[in-house]
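Contents: one structure, followed by commentary.
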Amino acid sequence: MLNPGDLKDFTLITPTADVRTDTHGGRAKCLQRLVRLDIPIPRTVAISFGAVHKIAEGARPDTPRLLSAFGRTPLVSVRPSSADPDWGGPGAVLNIGMNNERYAELCKTIGREAASAQYVKFIQAYAIEVARLDPEPFEEAAEDDDPVRAALAAFEIEMDEPFPQDPAEQMQEVLRSMARAWEGVSARLLRQARGAPVDAGLGLVVQDMAPGLGTGESGSGVIRMIDKVTGDRQITGRYKRKGRSGRKRQEMFLAADPRGASMEEEAPELFAQLTRILDTCRTNLREEMEIKFTVSHGELRVLDAVKVVRSARADVKVAVALAEDGIISPEQALLRVEPMSLTELLHTQVDPEAKRDVILKGIAASPGGATGRLVFSSRAAQTSASHELPCILVRRETTPEDIRGMHAAQGIITERGGMTSHAAVIARGLGLPCIVGASRMRISRREKTVTTADGRVFHEGDIVTVDGTTGEALAGAVPMLEPALDRPFRTLMRWADEVRDIGIRANADTPDDARMAETFEADGIGLCRTEHMFFEPARLTVMREMIFADSEVDRQAALDRLLPMQREDFVELFRIMAGQPVCIRLFDPPLHEFLPSDREGLMALAESLDLPLSDVTRRVDALSEFNPMLGMRGVRLGVTMPEIYDMQVRAIFEATVEASRQAGAAVVPEVMIPLVSAKREVELVKARIDSVAASVRVETGQGFDYRLGVMVETPRAALRAGEIAGYAAFLSFGTNDLTQMTYGLSRDDAGRFMGTYVSNGVFHEDPFHSLDRDGVGELLLIGAERGRETRRDVVLSVCGEHGGDPDTIGFCRDAGFDYVSCSPFRVPVARLAAAHLALQPPGVPDSED
Ligand code: PEP
Ligand code: MG
C-alpha cells in the first residue's frame, strides 16, 4: 500500500496532505475537510490541475502506481474537481477496474444480477464517455437476456478490439478523456460564460468505490437538511435500500413520513449519524451540504459532499440563517447571494396561510401567484385585459401566436409541456406565474371548460388562482403576499444597506410605481418621467386639446385643466415617498407622441375636438419631424413653448406646499430639465421656474425650497458640464440618450443589427444594456469632473436603464457618484450589488476559503 508521499502528481487525501482549492479543486478540498472532521470517506486520491493539464497534452500518467493506492483489485470512481463547481466539468466515471475476472468474483459475493448491472453500466459509461461511441447499441445491450455478453460484443463490434481488461489501461483512457473534455472549446466557452478565468484548471478525484451492497443494512442515497426551493429546514433526499433476500431495491423516505417507510424509523441510528454529519458540515464547512452516501453491512460511507443547489429564495434564507447562527458573518452572507438572483424573489406569492381548494396540479414553471377569470384563447385574454379584468389563460400548450394573450394574462396554465416549454420560458421572462404539464385536467375549447381530475367543471369567466410556485391552481381568489419581502430577505437587504456606500433610487412615474419603489426601500425617486402621467385616456384628450390650441389663451385653458391633475399626482408621490427625495423631470418627448398616426385614430380625434378631419391631419403633419428624437423635445419644448413647463413647475410647487402642510415637514422637490445641450437653455428655464416659485410663495403665503438639476444626456452637456453646473445642484446622466447620441445609434432601431455587431465583436455587448465604459463612460467621467470643478458638492447620478446594472453601479461608485436610479423591480438587485462592491471591490477574491 502506498504512502501519501509516494504518489508523484497524485495526492492521497489525508488530514495533512497538501490539497488546495486552487491546485486540486473544490471537491478535493471539501473531501479533505470531511476527512479532517472524521467523517468516514472512502480512500481518495486527488490529481492536481497541473497533472490533468499534462495528461490533456499527451502525458501518460503512471496509472498502475495510482491504482496501487487502492489495493490488489481496485474498483474506483473518478470525479471532476474544478475550483468552482458552477464551472461544470466532465461527468463522473464509476467502477473503473471492472473486468471479466472481477465480474466473476462479484457474481459470487453480491449475486449475478447486481454484478452484471454494475459491469454493464461501466461498459456503457466507458463506451459513451471515454470511447465516444453512440449510446444506442449499449442501450439495446442492457435490455438483452445476457447484458454483459451483449455489451462486450457491442463494444468489440464498434471498436474493432475487445473491451480493455487491464484496470491501468482503463484508468489511462478515463483520465485522458476527462482531461481532454475539459480543454475542449465548448467546455471552455461554457465555463467562461459562467465566470471562469481563461486558464481555469481541472483536478480529478479518484475514489475507492463503496457500493451500497452486502448483507444487513445496505443501500445508497443523498440527504440534505433544507428544502431546495423554500430553504426551510427539513430533511430531504432519498434512500435506496438494497432489497432483502432477493427483493427489489426499496426507495424510502429519510425522515419519518406518513406516506411510507423511512430510514428514521427503520434504521434510526444510521439516520441519526447522517443528520449529525450534516450538522457538522454546516458548522464547519459553513454551508448547507448535500451528502451522497452508501451503507454496506450497516457501515456508512460518505462519498461526496456538495453545496445544496437551491432556489434564490432558499439561498437568501440559508445565508441569513448561517449568519444568524454565528457560522458566517453578515458580510459573508451578503457575498453569498448573487444580486441578479434576487429577481426570482420579487413576485407576488399566494399567502402560505391561505385556505387552498386545489383544483389541478402541474409543474411549477414560473413562480408567483395571480387570480383572474378563466379564458381559453389569446383573443379572450386580450379582450379581458381591455376591460381591465384580470384573467388566467388556459391552453393545451402555447405557441408564438399566443404571445399577446400571454402579455394580457395574469397567469398561465397549460396541459402539456415542461420547464423549458414555450409557455414556461415566456412566462418566466414576463414574470407571470405559470403551471405547465397539468395533464390530469381536460380542456374543452369548444365548451370553454376545464374538467379537473376530481370531476369538477370550471367555465370561462370562473375565478381561479394560479400558484406558480407550487404548481397548483386553486378555486376562487385567495389572499396574496406582496413580493417575497419575507424576514430573511429584509434582513439581508438591511445588512446590504449598512455596508453599501452608493445611493439606490427608483425610476417611478406614477403613484403605483412609487409604492413599488417604497416597497423595495429605494432611497427616493431618481427619475419621474412626468409625460407618462398624461397617457391616461381622460388626460390624453386634454393634452391633445393643448397641442391643438390655436391661441395662447386656448393653450393656457387646456394647461389650466391639466394643472390640478398634475398637482394631485405630485402630492401623492410626495406622500408615498414620505420625506425621501423625489426628482421630477419636466416634459421630455416630442408632442407628436400624443397624437394618433392612423386614419381611424385621426377621425376619432377630429370628432373629439370637433374639428374637420383635414384640419386635424394638417396639424398632425405639421408636427411630424424627420428625426423626432433629435428634434423638438425636452428643454427645446421648454424654451419654445414655455407654458408647459410653467404649468408643471406650478403643479410641483403647489403640491410641495400641500404635501409639506400634510406631513408637517418641509418637502424639497428636485426639478430636472431634460435634453440640455447649452448653458443658456438652463438659464432661460431656470429664470421662469424661479419666477413661478416666487408667485406660488406669494399666493400661498408659504416658503419652500427646491433643487434644480440638469439631465446630462447629450454629449455636449457632458463636455460643458462645467458651465452647466453653475446653475444645477445636481447632474443626472441619462445614459439611454447619451449612449444613443455618443454612438449615433438609434435606441429604437439598433436591434436590427445589434446581434451582428456583437457577434462580430464590433461591440463587446449591446451598449444599451451594459454601459460602454470606454466611450460613454469617458463622457460620464468628463462631465463629473468638470461639474465638480465648478461646484464641488454637485450631486451626481445615473438614471438611464444602466442604473440597475451591477457593472455600471461599480463604475459609478468608482467615479464617486452619489446614486444610481433604476426600475423599482431592480432596486433590491442594485442594493445588493452595491453592498458587494463595498465589501469586495472587483478583482479581489473571496477570502472565505
Ligand atoms: C435617458 O435618456 O437615459 C433617460 C433616462 O431618459 P429617457 O429614457 O426617458 O429618454
Ligand atoms: Mg433621455
Side-chain angles (χ1 to χ4, degrees), residues 509-510 527-566 569-570 584-652 671-678 681-682 684-685 688-689 692 711 713-714 734 736-737 740-741 746-749:
D509 307 332
T510 61
L527 172 65
C528 170
R529 293 170 162 110
T530 45
E531 59 272 13
H532 289 183
M533 296 167 162
F534 296 119
F535 280 106
E536 272 178 34
R539 298 177 180 200
L540 192 56
T541 310
V542 187
M543 188 68 193
R544 286 170 168 176
E545 281 173 23
M546 190 277 290
I547 295 169
F548 272 78
D550 275 330
S551 65
E552 280 197 14
V553 176
D554 287 352
R555 177 175 301 147
Q556 195 55 52
L559 286 167
D560 286 348
R561 285 166 62 205
L562 287 171
L563 174 73
M565 303 179 194
Q566 281 263 275
D569 291 332
F570 297 138
I584 298 166
R585 178 181 78 181
L586 300 176
F587 194 89
D588 182 45
L591 290 179
H592 78 90
E593 282 195 11
F594 293 87
L595 300 176
S597 53
D598 58 359
R599 196 176 156 75
E600 219 173 274
L602 288 169
M603 279 168 67
L605 180 59
E607 205 175 324
S608 75
L609 296 175
D610 197 18
L611 288 172
L613 178 63
S614 57
D615 239 28
V616 171
T617 312
R618 191 174 38 76
R619 300 287 293 276
V620 170
D621 284 348
L623 276 171
S624 82
E625 294 171 294
F626 284 110
N627 206 338
M629 293 316 280
L630 298 179
M632 177 84 142
R633 56 169 283 221
V635 70
R636 295 161 200 169
L637 266 174
V639 170
T640 52
M641 224 185 258
E643 303 87 349
I644 301 176
Y645 278 11
D646 285 352
M647 179 278 286
Q648 286 199 299
V649 290
R650 173 169 279 279
I652 293 170
V671 179
M672 182 155 77
I673 311 174
L675 214 76
V676 165
S677 57
E681 290 168 326
V682 188
L684 289 171
V685 173
R688 288 191 79 113
I689 295 177
V692 174
M711 206 161 164
E713 51 185 344
T714 65
N736 302 334
D737 272 310
Q740 166 164 275
M741 296 191 208
S746 161
R747 281 163 76 170
D748 305 309
D749 302 316

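Since the model is a prediction, treat every value here as computed from it, not as a measurement.
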Query raised in the report: Would Tyr645 and Ile689 count as a side chain to side chain contact (heavy atoms under 4.5 Å, CB included) if you check the C-alpha gap in whole Å, the side-chain angles of each, and the deciding distance to 0.1 Å?
Result: CA-CA 8 Å; Tyr645 278 11; Ile689 295 177; 6.0 Å; no
Requested in this report: Just say parallel, tilted or perpendicular for the rings of Phe534 and Phe587, cut-offs at 30° and 60°.
Outcome: tilted
What is the minimum heavy-atom distance between [X] and [Y], and which atoms define it?
{"X": "Pro589", "Y": "Leu637", "result": "O-CD1, 3.5 Å"}
{"X": "Asn736", "Y": "Arg529", "result": "ND2-NH2, 3.7 Å"}
{"X": "Pro628", "Y": "His592", "result": "CB-NE2, 3.5 Å"}

With the side chain counted from C-beta on, respond yes when [X] and [Y] share a heavy-atom pair under 4.5 Å apart, and no when they do not.
{"X": "Phe548", "Y": "Leu605", "answer": "yes"}
{"X": "Asp737", "Y": "Thr714", "answer": "no"}
{"X": "Thr530", "Y": "Phe570", "answer": "yes"}
{"X": "Cys528", "Y": "Met672", "answer": "no"}
{"X": "Asp550", "Y": "Arg619", "answer": "yes"}
{"X": "Leu611", "Y": "Val616", "answer": "yes"}
{"X": "Leu595", "Y": "Leu602", "answer": "no"}
{"X": "Ile644", "Y": "Met546", "answer": "yes"}

Requested in this report: Mind running salt bridge (charged side-chain N to carboxylate O under 4.0 Å, His left out) on Asp588 and Arg633 for me, showing each step along the way?
Outcome: CA-CA 6 Å; Asp588 182 45; Arg633 56 169 283 221; 2.9 Å; yes
Query raised in the report: After noting the C-alpha distance and the side-chain angles of Val671 and Ile584, does the key distance pass the side chain to side chain contact (heavy atoms under 4.5 Å, CB included) rule?
Result: CA-CA 5 Å; Val671 179; Ile584 298 166; 5.6 Å; no
Using 0.5 Å steps for rounding, measure from the [atom1] atom of [X] to the [atom2] atom of [Y].
{"X": "Met629", "Y": "Gln740", "atom1": "CE", "atom2": "CD", "answer": "6.0 Å"}
{"X": "Met647", "Y": "Leu586", "atom1": "CE", "atom2": "CG", "answer": "10.0 Å"}
{"X": "Arg585", "Y": "Leu675", "atom1": "CZ", "atom2": "CG", "answer": "9.0 Å"}
{"X": "Thr617", "Y": "Arg599", "atom1": "OG1", "atom2": "CZ", "answer": "7.5 Å"}

Report task. With side-chain hydrogen bond (donor to acceptor under 3.5 Å, both in side chains) as the test, would you mind laying out the steps for Asp560 and Gln556 before giving the verdict? Result -> CA-CA 6 Å; Asp560 286 348; Gln556 195 55 52; 3.1 Å; yes
Taking [Y]'s backbone N and O only, do any of them form a donor-acceptor pair with [X]'s side chain (distance below 3.5 Å, no angle check)?
{"X": "Glu545", "Y": "Leu609", "answer": "no"}
{"X": "Arg539", "Y": "Met533", "answer": "yes"}
{"X": "Glu593", "Y": "Pro590", "answer": "no"}

Query raised in the report: Does a donor on one side chain sit under 3.5 Å from an acceptor on the other, for Gln648 and Gln566?
Result: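 The criterion, which ignores hydrogens and geometry beyond distance, is satisfied for Gln566 and Gln648.
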Report task. Determine, step by step, whether Leu630 and Met741 satisfy the side chain to side chain contact (heavy atoms under 4.5 Å, CB included) criterion, reporting the C-alpha distance in whole Å, the side-chain angles of both residues, the deciding distance to 0.1 Å, and the verdict. Result -> CA-CA 9 Å; Leu630 298 179; Met741 296 191 208; 4.2 Å; yes
Requested in this report: Would you mind checking if Arg618 and Asp615 are paired as a salt bridge, meaning a charged N to carboxylate O distance below 4.0 Å?
Outcome: yes
Query raised in the report: Pick one: which of Asp646, Ile547, Leu591 meets side chain to side chain contact (heavy atoms under 4.5 Å, CB included) with Met641?
Result: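 Of all the options given, the one that passes is Leu591.
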